[in-house]
Structures are given as C-alpha cells and as structure tokens.
Amino acid sequence: MNVHFSAQGEALSPTHLSPTTLAHASGVPAHLFASPEVPIERSALRDALRLLDLHAAARTLDPALRVEALALTPDLHRASPAPVGTALLTRGFLTPHLIGNDLGCGMRLHLTGLRADDLRPHLDALERELRAVFFQGRRSLSLTGRQREALLRGGVPELLAAPRPAGQRGLWDLLGAQEPGPDPQVPFVHGQLDGVQDWLGAREQASFDTQLGSVGGGNHFVEVQEVAAALDRHAAYAWGVRPGEVVVMVHSGSLGFGHLFRAQLRTWARAVPGAPLPLLPADRPGVPGVLDALHAAAHLASGNRLVLACMVRSALGRALPPGMLTDDQPFPALSDAPHNFIWSAGDGRWLHRKGATPAAAPGAQAPHGEPVLIPGSMGDFSYLLAGQGHPLALGSASHGAGRRQPRGAAMRLSDADLRRVLETLRVVTPIDLRAARADIRARALSALKQEAPGAYKAVTPIIDTHARAGLARPVAALRPLLTIKSL
DNA sequence: ATGTAC
C-alpha cells in the first residue's frame, strides 16, 4: 500500500497524484483519493479496508455474491461502523449499515435570480423572517394521508400531483406557488411500492407534518449564499450560476421518519462470520421492500430539502421590498442528491455511498457533468463542481470537508472564542443566544462548537484534490450570507 | 443522525 504514516499515526499523503491503489487479500480493486494537503487517519483507512472482508464472507453464503470495488474520497474520516467518505460496489447483496445514520441525507441548491448586492441591505429583515418561519411556528403543514403517501412513493412530483383539499393552507401554499417543475432528483425509480402505506401508522401520520420542514441537527444547515466566483465560466453559464447571484443551499436528511426505513433495512440483514457488517442478500425471499424503503427515505429527504428551500424563498419574499422578488419569479433547483444512500444499478449490483456524493461524468442529461455540492464548514465557502465520473472513484466525490476533531475535542473551544466566530457570521438558531437562559444557552453553544470551523478540515485542499484527481471540476465558489442551524 | 422551544 503506497500510503505512509507519521509517528502519530496520521496517514501522510501520497506524494504522487491520486489515486493510491490499496492492496487487500480479497484482490478487490480499492482506491484512495488523497493529496499531500489532506492528511487522513490510519484508523479510518484500516476500517475502510476491513470492508473488503465482506467479499469472502458473502461468498460463503453464495459464490455469486461479491464485492466489486471500493473507493475512498478525499474527506475520508473515521466513523462507526465504517468511515465517512466510502463508496462500495457489491453484487447480489447489500449491507445496510454502510449508508450512514441518516438515510437519504444530501444536498440541494436553488437559484434565486436575485443580486446579492440588492439583498445585503435587507439581511436583518431576512434574519427575522427566517427565524419566524423556521423556528417560531410559521411552518404548519397539514397534508392528507394521501399526500404523505404520494411524497413517499414518488417524491415531490407525486406530492404536487396528489389531490389537494379545498382551502388547505400553511406551508403547502409555498409548494403550490413555486411550481418547482421537474426535479433534478429523478434517478430514483419506483420500487414495488405496494407496502409504502404500511409505513404510515397513526403515530407516523401525526409526526409527519411536524418533521417536514425541520432542518435537523449536527452538520445540517440551510444557507443563503452569494456566488463569489465562477471558476468554470462555461459550466457556470450553462447552469445559470452568475457571479453575484444569491443561491440557497440545503443540507438535510430524512429526519426522524427516515429512521423507520433504516431500521427496517437493518432488520433484514444478518450477521455472517468474518463479515465486518451484516449482509442482506438482495434476492432473499420475503424482502421485496428493499427498494421501497430506500426510495421512500430518499423521496422524503429530498422533499424535505425542497420544503426547506421554499421556506427560505418565502422569507426572502417578505424581507425584500415589494416587487423585488415576486411569487412568479423562478426558483429552479440546480441539484439535489443524497450522500448517504444505496443505488441499485438494476443488474444485481448495488452502489453504497456513506458520506460520498454522486459525481457522474458529462452525459446526455448533464452535458457539463453532474452538479456536485461540497459544503465547507460553518462560515466557510461551499463549492459547486461538475462531476467527472472517475471510474476508480465509482463516480463519487466528497460530501464535505470532513471532521478534523472528534466532537469531544471540539467542545473544548472556549465560549469566548466561539462567540468571536459567531460575531463574524450571521447564524440563525432556534434560540436567541443573547437572551436565552444560561443552561439553554450552554447547550446551544456546545452544539455549535461541534460545528465550529476549527472542528473541520479546510475545504480548499479538498476541492483542489478533486480537481487534480479528475473527480470533479470546480465550477463556482459560494460565500455564505446567512446560515440557519437547528441545534 | 433524530419535532420544537424553553
């Protein structure tokens, strides 16, 4: 293995260009994409290589089962039970624990057509509107059972097509007004779908509407950004991404509801001697619901990202002077993709991505390559890239900068230092950090510390690595104007 | 990673 380690156990970066071929007894092709500027942990690499033991273990069940390839993205970092930044291609079986905790979690980007210079004088007003719509109850959504089922079955298009009761109000108005049109998230084909309504018991029905439109915790966020620079002018122009324009980025997942689907997938899997994770043979009788569970979670997560983006759109409309942003102005989604998911190739192969995002090569549907969103840490730039479909990366890219400090270590940041960070940023949270009770404020501050810039690696070297390795071409740099974080 | 607000 051409990776060298420091005395501290950090993997030093290969001195040659990516990728590094990783050797393993299974003989399965495995490649690490890294660069001198981005150290990775030895333990993360060890845990990733251990995934290849799935190959021999699966073959004890059925010789047709196999692991076909492993790819590790530039933000690889340690997590349980498998590192973040992993793409694994299998044949004949899935391993549901290799999705990440939040099934369907991903990124979405909308264009507003608004000039950042026009918005800047109104950021205080926008902050107030966003706090109201995200955290102060102006977000009531009351869907019918049929609408909820439609969202799970077919995503936003089916939700919009479902019968709408006369006089239905609330957040639903946003969706109706904005006519999002064809969504970029079309790659999800329907599963068998027969069992979808079984997921919606009385308790789930009740919590569905309150969950939809919530940001989620941890590193999830919604951000109003300015296109700071077009790095690839042709792709940026083709995508309608103009320097100085306001865009809306969403990072969120399938919420509490998605845990039902994840849990169900995991109950179908079984432990196999020698396998680092439980296996789910795809043709096992009695498991017709694998695609149902996967796609329902993906539709829910993507639908939630749309709802969150529409909430920002509505706040923008109210914060700006009349006429500056009207309901009929387009609000197109440029991209929506999960980075915790299992894709069925339809030919018996399954592509697992845990904290890795699809980055397909230019094709008929996306002539410049698939749009790829890589967010920086709180306060940092995010990047829009164009996928290059690198075969050894399994068409994948990083999903973020990657955590540098474990959560515990990040908590050691002092309150004063965190406050200095927050003073330079506009961060909207459910509570007013100045006015809140001391114990509530302490909890909020510790949550924010875990997401503070120092807890993450710098994003720029990650982006450079993608460019040099041929994973994805940088198209635009996006500067945060205002960030919404739920604690 | 997981309702919201305190």
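We name chains A, B, ... by the order of the sequence lines, and we start the count at 1 in each one. Because the structure is predicted, anything quoted here is derived from the model rather than measured.
For A:Asp415, the side chain to side chain donor-acceptor pair (under 3.5 Å) partners are A:Lys449, not counting sequence neighbours.
Between A:His251 and A:Ser486, the residue anchored nearer the 5' end of DNA chain B, judged by the nucleotide with its closest heavy atom, is A:His251. Two residues, A:Gly218 and A:Arg131, neighbour DNA chain B, and the one matched to the more 5' nucleotide by heavy-atom proximity is A:Gly218.
Within the 4.0 angstrom heavy-atom criterion, only backbone atoms of the sugar-phosphate kind lie near A:Arg407; the bases stay farther away. Within the 4.0 angstrom heavy-atom criterion, only backbone atoms of the sugar-phosphate kind lie near A:Gly216; the bases stay farther away.
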Donor-acceptor contacts under 3.5 Å from residues 477-487 of chain A side chains, at least two apart:
from	atom 1	to	atom 2	distance (Å)
A:Arg479	NH1	A:Glu226	OE1	3.1
A:Thr483	OG1	A:Glu223	OE2	2.5
A:Lys485	NZ	A:Gly218	O	2.9
A:Lys485	NZ	A:His220	O	3.2

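Atom NZ of A:Lys485 is separated from atom P of B:dT4 by 14 Å (rounded to the nearest Å). Taking atom CZ on A:Arg262 and atom C1' on B:dA1, their separation rounds to 7 Å, with Å as the unit. Rounded to whole Å, atom C1' of B:dA1 lies 15 Å from atom CZ of A:Phe221. Taking atom CG of A:Leu212 as the reference point, atom C1' of B:dT2 lies 15 Å away to the nearest angstrom. Per the geometry, CD belonging to A:Gln211 stands 8 Å off P belonging to B:dT4, to the nearest Å. In this structure, the NE2 atom of A:His97 is 14 Å from the C1' atom of B:dA1, given to the nearest Å. With rounding to whole Å, A:Glu451 atom CD is found 7 Å from B:dA1 atom P. Atom-to-atom, NE2 of A:His220 to P of B:dT2 comes out at 5 Å; the value is rounded to the nearest Å.
When each of B:dC6, B:dA1, B:dT4 is scored by its nearest atom to the side-chain atoms of A:Asp102, the top-ranked nucleotide is B:dA1. Among the nucleotides B:dC6, B:dT2, B:dT4, the one closest to any side-chain atom of A:His259 is B:dT2. Taking every side-chain heavy atom of A:Asn219 into account, B:dA1 is the closest of B:dT4, B:dC6, B:dA1. For A:Ser214, counting side-chain heavy atoms from C-beta on, the closest listed nucleotide (B:dT4, B:dC6, B:dT2) is B:dT4.
Ring centroids of A:His390 and A:Phe33 are separated by less than 6.0 Å, placing the two rings close together.
For the atom pair CE of A:Met107 and NE2 of A:His251, the computed distance is 6.0 Å after rounding to the nearest 0.5 Å.
At a threshold of 4.5 Å between non-hydrogen side-chain atoms, the residues A:Leu300 and A:Leu212 count as touching.
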